[in-house]
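Notes follow once the structure below has been shown.
What you see below is based on every heavy atom in this structure, not just the backbone, and it leaves out hydrogens, waters and symmetry mates. One is the number of the first residue; the rest follow in order along the sequence.
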Amino acid sequence: MTHQQTRRTLLKAGAAAAGLFALGPIRTAAAEPGPRGIDVSSHQGRPDWTAVSGAGIEFVYVKATEGHSWTSPTLDDQYAGARGAGLVTGLYHFARPDSGGDPVREADHFADHVYRLDAHYFGALPPCLDIERVGKDLRDWCGRFLDRLRYRLDTYPVLVYASTNFIRDHLSGSWADTHDVSWWVANYGGGPGKFSSPTERVVMHQYTSSGKVPGIKGRVDMNLALFPLHGLTL
């Protein structure tokens, strides 16, 4: 067994022991307030991360890439600023199966920037696949992306972001069991932690796209972690 294989085995075993990224139900909603976070892209420009942190925000996902070649022009600045302010950070990739993108090329593009920024360090949020567009053989497309990403990063835990409607209509809850992933779901119906979902593997809830946070001009997506952050990070 190679060093990489050994590390992957240990990561998977540790995830299973934690009961978070392993097979089996997690939960569908939070009964009590959890850590609050945001996700940002180039639309948010250059936030004042000290003000963001001072407002009680504990974690942030930063958009890194889209498709097989696009990289966010604000990636480096946003990631360095958020991490420098002490926020728990992670990167996400916006998938483009609708444009015929190859999942392996997209995973490689994303992984290159995760490596470049050392964004899969111990204590980081897991890398995330943001899937909002429909393409041919979507379930297979997403599975191939995840397989390649795990191989490239030598990291087992991965989050997949999608709306609860998208999961129900295009992927299904059982797809997550097959690929052993946890969900970051978007559902704006009932407030933080209050939502219905076609899967029980949810660990994070995006509850609005129109939040207001000191240090950020304009609106921003707001998220609630359904578990303590130390149980969700790498």
Side-chain angles (χ1 to χ4, degrees), residues 11 14-15 18-21 26-27 30 32-65 71-94 110-130 149 153-161 182-186 191-193 202-234:
L11 283 167
L20 297 179
F21 296 96
I26 296 176
R27 64 193 294 180
E32 66 286 330
R36 290 194 305 143
I38 59 174
D39 56 276
V40 297
S41 66
S42 58
H43 296 295
Q44 280 71 45
R46 301 183 63 180
D48 178 344
W49 291 108
T50 300
V52 171
S53 177
I57 298 300
E58 297 183 49
F59 66 91
V60 58
Y61 263 104
V62 178
K63 183 175 181 178
T65 50
T71 303
S72 171
T74 56
L75 168 59
D76 289 31
D77 183 79
Q78 289 178 340
Y79 180 76
R83 190 169 174 184
L87 296 172
V88 178
T89 56
L91 300 183
Y92 75 89
H93 171 81
F94 189 91
F110 181 41
D112 287 345
H113 289 283
V114 174
Y115 262 121
R116 181 177 64 82
L117 294 174
D118 187 29
H120 62 318
Y121 62 94
F122 181 78
L125 292 168
C128 177
L129 168 64
D130 177 351
L149 185 65
L153 298 181
D154 197 19
T155 298
Y156 193 80
V158 176
L159 255 60
V160 177
Y161 168 93
S182 294
W183 290 105
W184 167 16
V185 300
V202 180
V203 298
M204 196 175 295
H205 177 209
Q206 183 184 94
Y207 57 89
T208 182
S209 60
S210 57
K212 296 289 290 183
V213 174
I216 296 181
K217 296 179 181 179
R219 302 182 186 277
V220 66
D221 296 336
M222 302 292 299
N223 301 283
L224 180 77
L226 306 186
F227 295 90
L229 291 178
H230 66 78
L232 303 181
T233 53
L234 298 175

| message | Enumerate the salt bridge (Lys or Arg N to Asp or Glu O under 4.0 Å) contacts for residues 39-56, please, sequence neighbours excluded, ordered by first and then second residue. | response |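 Qualifying pairs: Arg46-Asp77.
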| request: Please step through side chain to side chain contact (heavy atoms under 4.5 Å, CB included) for the pair Leu129 and Leu149, ending with a clear verdict. | output: CA-CA 10 Å; Leu129 168 64; Leu149 185 65; 6.0 Å; no
Taking all heavy atoms of [X] and all of [Y], pick out the closest pair and write down the distance.
X: Ala85; Y: Ser53; value: O-OG, 3.8 Å
X: Trp184; Y: Gln206; value: NE1-CB, 3.7 Å
X: Pro127; Y: Val158; value: O-CG1, 3.5 Å
X: Leu234; Y: Pro126; value: CD2-CA, 4.0 Å
X: Ala64; Y: Phe110; value: CB-CE1, 4.0 Å
X: Leu159; Y: Tyr61; value: CD2-OH, 3.7 Å

| So, Arg36 side chain and Ala55 main chain: donor-acceptor pair closer than 3.5 Å or not? | yes
| field | Expected output: side-chain His205 to main-chain Leu224 donor-acceptor under 3.5 Å | value |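 Flag not set: sc His205 to bb Leu224 has no pair under 3.5 Å.
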Nearest 0.5 Å please: distance from the [atom1] atom of [X] over to the [atom2] atom of [Y].
X: Leu153; Y: Asp112; atom1: CG; atom2: CG; result: 9.5 Å
X: His93; Y: Thr71; atom1: NE2; atom2: OG1; result: 10.0 Å
X: Ser182; Y: Met204; atom1: OG; atom2: CE; result: 10.0 Å
X: Met222; Y: Thr208; atom1: CE; atom2: OG1; result: 8.0 Å
X: Tyr115; Y: His120; atom1: OH; atom2: NE2; result: 4.5 Å
X: Asp130; Y: Lys63; atom1: CG; atom2: NZ; result: 7.5 Å

Please examine the side chains of [Y] and [X], heavy atoms only from C-beta on, and report whether any two atoms are closer than 4.5 Å.
X: Leu226; Y: Val203; value: no
X: Thr233; Y: Phe59; value: no
X: Val60; Y: Val52; value: no

| field | Atom CZ of Arg116 with >12 non-hydrogen neighbours under 6.0 angstrom | value | yes
| query | So Gln44 and Thr74, side chain to side chain contact (heavy atoms under 4.5 Å, CB included) or not? Walk me through it. | reply | CA-CA 9 Å; Gln44 280 71 45; Thr74 56; over 6 Å; no
| Pair Thr89-Tyr121, side-chain donor/acceptor within less than 3.5 Å |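 Indeed, the side chains of Thr89 and Tyr121 share at least one donor-acceptor pair under 3.5 Å.
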